[in-house]
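What follows is a short report on a single structure.
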Amino acid sequence: MPLSLGKWPSIIIVCMPLAVTFGKYIYRKMTDKPVLDAIQPIAELEAPDNNPEVSGQVATGILEESISSLSAAEKFKNDGNRCFYNYRYVDAIRCYSKAIDICPKEHTTELAIYYHNRAACHEMIENWIQVKEDCAKALECNRRYAKAYFRRACAHVATMDLKECLADITATCILEDCKNEQNMKLRHSVGQQLAIANAKERMLREGTSLPSKRYIRSYLATFIADPMLKMTLPSSAVADAPVRGFARAHRAFLEERFEDVISGCTEEIDSSAAGGQYKMHALFLRATLHLLSGSAQECERDLQALLGYDETDDELRIYAQIRYATLIFQANQDGLFLGALNHAEMLDPNNPDIYNQRAMLLSHMERFEEALVDFEIAARLAPSHALTVLNKYLANYRIAVKEGDQHRLDMSIQRLQQTTGRFPDCEEGLVMLSQVHTEQKNFLQASKCLERAIQLSPTNAELLCHQAVLELEWHDDIELFYAKLEQAILLDPQCRLIYENLGRAELRLKNLPLAVNYFLWAISHSRGLEEIYNACILHNATVAEVTALENLDMVEEDLAVDILHIPLP
């Protein structure tokens, strides 16, 4: 059985809009210290012996001449351990320093422990620079010392050196064969924080950019009755030549000239001549484009202005709260996004988009049971909206997988198949069903779904990328994989997913440096915060593994497990 390339980079409708795809609990605010608060001291200290007290001459005890230097060093180490367990960290540091000074240099294993224990003391007093220095010394003595990598990783978190932290926690996980769930979670969390920091840095350096038209189209398709899609302007509003303000922005929006939308909205908002007739709508539409481009501050400013006006009608207010919930979720303020949606629900408990969007957010937190309740309400209120019905059955499928309920799993897949038959033109539903079939190793059915999706959208390069990955999973045919991606390049050479998949293939072939280059290409072809983030995740994880292997004096073939293909929590 060939190694898995991991879950497909999914089409946005299947995954979520921009802010939501960032994962289950992904975006901790960068000023927090989310990792260290949960970490207990892990000093590799021997338990103190039965002596109840340490004499006042802890670090200066008279040693008999017959005791070897190593025995003397061990004595100081034991004294240091007692001090550590009695919270006398400065005294413990002195003891470990004495042990280091007199320990014969050929006893590298013991020296590594002394340096590491001293690092533990510096950690307790938050002397992070010294923690890193002592861990580095420990690793010079024992380059495969997992606890030293882990402690230095924690110090890197404290100083927000996330790239270095990711390399060290990756080394820790490699040495532990990825069996320590807490360390894997730390690796996942740090990887996410580093990727969002990288994505924001790139956007600050190069400016924000809108994602592709397909992405925006897919995002809008998750809404059942978005006011911008169903809105029609009176003929008097569009009679001007040339069309100005919101009328110009709305026309550009409907014609998918998204790059012209923000300027038209701004013209409406700033114009005194227009009388501000559509100012609220312009704020809402501009906020939507800011959200999709990752301009969080601008989006929040527009939404707050819109919600602050008493004259804003209830419908716009509801959808502004929905957009605001997505923005809050993007900032990883998990408890607050539900509040925004609750406000919207109070305004209109019969609006299906409230439940649909809340369910999608909950799904991305893997709170599938709660999501299913909301999907069922949304599907009851909007039974003809394909994605809502499909997502309901997908949530049911996820619950079945989680619980190991084969009967429920089979019924969910059957319902998904029936729904794609009911909505045969829903390309996203076919991709969703194909992914489910792939997870269940039903490769033939997965292939048929993708073929039907390609018939519906023959110019969609992402579908060929999915097909390439499926062929590799199914037949382990690398030549066919590359052939499919070549077709995708001919369709859309700017498609980020092509380069991500090429990078994944090189990971499979254990060509890590080449994989790094492909992921850099994916970053350069990314548009919008989410796409950049996704590419950075892959690039950073691969660079971290390369660095970790170099530090460990290992090659990928030495690994008991393939760390980049371990499913992350």
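Fair warning: this is a prediction, and the values are worked out from it, not measured in the lab.
At a cut-off of 3.5 Å, with distance as the only test, a side-chain donor of His188 or Gln192 sits close to an acceptor on the other residue. Side-chain contact annotation: Asn460 with Glu427, donor-acceptor N/O pair under 3.5 Å present. For Glu500 and Asn534, the side-chain atoms include no donor-acceptor pair closer than 3.5 Å. For the residue pair Arg415/Gln418, the side-chain donor-acceptor check at 3.5 Å is satisfied. A donor atom on one side chain and an acceptor atom on the other are found under 3.5 Å apart for Gln406 and Asp410.
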| request: In sequence, state the C-alpha distance, the side-chain angles, and the governing distance for Asn183 and Tyr149, and then conclude on side chain to side chain contact (heavy atoms under 4.5 Å, CB included). | output: CA-CA 11 Å; Asn183 288 351; Tyr149 282 113; over 6 Å; no
| query | Could you walk me through whether Gln321 and Met346 pass the side chain to side chain contact (heavy atoms under 4.5 Å, CB included) check? | reply | CA-CA 11 Å; Gln321 291 284 12; Met346 285 189 290; over 6 Å; no
| task | Would you check, one step at a time, whether the test salt bridge (Lys or Arg N to Asp or Glu O under 4.0 Å) holds for Glu556 with Lys510? | result | CA-CA 7 Å; Glu556 261 214 345; Lys510 301 186 184 300; 3.6 Å; yes
| field | Candidate pair Leu472 and Asp477, rule side chain to side chain contact (heavy atoms under 4.5 Å, CB included), full reasoning | value | CA-CA 5 Å; Leu472 194 56; Asp477 189 336; 5.7 Å; no
| request: Begin from the C-alpha positions of Glu298 and Ser293 and carry the test side chain to side chain contact (heavy atoms under 4.5 Å, CB included) through to its verdict. | output: CA-CA 10 Å; Glu298 292 82 353; Ser293 65; over 6 Å; no
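Salt-bridge formation is detected for the pair Arg358/Glu345: a Lys NZ or Arg NE/NH1/NH2 atom is positioned less than 4.0 Å from an Asp or Glu carboxylate oxygen. With respect to the salt-bridge test (charged N to carboxylate O, under 4.0 angstrom), the residues Arg398 and Glu439 qualify. Salt bridge absent: Arg367 and Asp374 never bring a charged side-chain N and a carboxylate O closer than 4.0 Å. A salt bridge links Glu403 to Arg408: one of the charged nitrogens lies within less than 4.0 Å of a carboxylate oxygen.
Listed here is the closest heavy atom pair of Leu291 and Cys299: CB-SG, 3.8 Å. Shortest non-hydrogen contact noted between Leu347 and Asp314 is CD2-OD1, 4.0 Å. Taking all atoms of both residues into account, the shortest heavy-atom contact from Val431 to Ala453 is CG2-CB, 4.4 Å. The two residues Phe253 and Phe258 have their closest heavy-atom pair at O-CE2, 3.6 Å. In plain terms, the two heavy atoms of Ser526 and Ala535 that are nearest each other are OG-CB, 3.8 Å. Taking every heavy atom of both residues into account, Leu409 and Val401 meet most closely at CD1-CG2, 3.7 Å.
The main-chain N or O of Met228 is found under 3.5 Å from a side-chain atom of His250 such that the two form a donor-acceptor pair. Panel note: side chain Arg496, backbone His525; no donor-acceptor pair is recorded below 3.5 Å. Within the 3.5 Å criterion, the main-chain N or O of Lys185 finds no donor-acceptor partner in the side chain of Ser189. Of the possible polar contacts, one joining the Arg527 side chain to the Leu210 backbone as a donor-acceptor pair under 3.5 Å is found. The backbone N or O of Asn517 sits nowhere less than 3.5 Å from a side-chain atom of Tyr499 that would complete a donor-acceptor pair.
Proximity of Glu366 to Phe368: side-chain heavy atoms (C-beta onward) are separated by under 4.5 Å at one or more points. Between Cys173 and Asn180 the shortest side-chain heavy-atom distance does not fall below 4.5 Å. In this structure the side chain of Cys536 reaches within 4.5 angstrom of the side chain of Ile523, judged on heavy atoms. By the 4.5 Å heavy-atom criterion applied to side chains, Tyr219 and Pro211 are not counted as neighbours. Proximity of Asp226 to Phe284: side-chain heavy atoms (C-beta onward) are separated by under 4.5 Å at one or more points. Using a 4.5 Å heavy-atom threshold, the side chains of Tyr319 and Thr288 count as separate. Counting heavy atoms from C-beta on, the side chains of Leu549 and Val555 never come closer than 4.5 Å. The side-chain heavy atoms of Met360 and Phe375, taken from C-beta on, include a pair separated by under 4.5 Å.
Of the candidates Asp353, Leu361, Leu327, Asp353 is the only one forming a side chain to side chain contact (heavy atoms under 4.5 Å, CB included) with Ile322.
In this structure, Arg504 CZ and Cys465 SG are separated by 11.0 Å, a value rounded to the nearest 0.5 Å. In this structure, Leu338 CG and Leu362 CG are separated by 6.0 Å, a value rounded to the nearest 0.5 Å. Atom CG of Leu162 is separated from atom CD1 of Ile169 by 12.5 Å, given to the nearest 0.5 angstrom. Remark: His466 NE2 to Thr438 OG1 distance equals 10.0 Å, nearest 0.5 Å. Put simply, OG1 on Thr419 and CD on Gln414 are 10.5 Å apart, with the number rounded to the nearest 0.5 Å. Put simply, CG on Leu416 and CG on Asn396 are 9.0 Å apart, with the number rounded to the nearest 0.5 Å.
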Do any side-chain atoms of residues 378-387 form donor-acceptor pairs under 3.5 angstrom with protein atoms, and if so which ones, sequence neighbours left out?
from, atom 1, to, atom 2, distance (Å)
His385, ND1, Thr388, N, 3.4
His385, ND1, Thr388, OG1, 2.7
His385, NE2, Ala221, O, 3.2
His385, NE2, Phe223, O, 3.4

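Within a 6.0 Å sphere centred on NZ of Lys179, other residues, nucleotides and ligands contribute 12 heavy atoms or fewer.
A search for salt bridge (Lys or Arg N to Asp or Glu O under 4.0 Å) contacts involving Glu451 returns nothing, not counting sequence neighbours.
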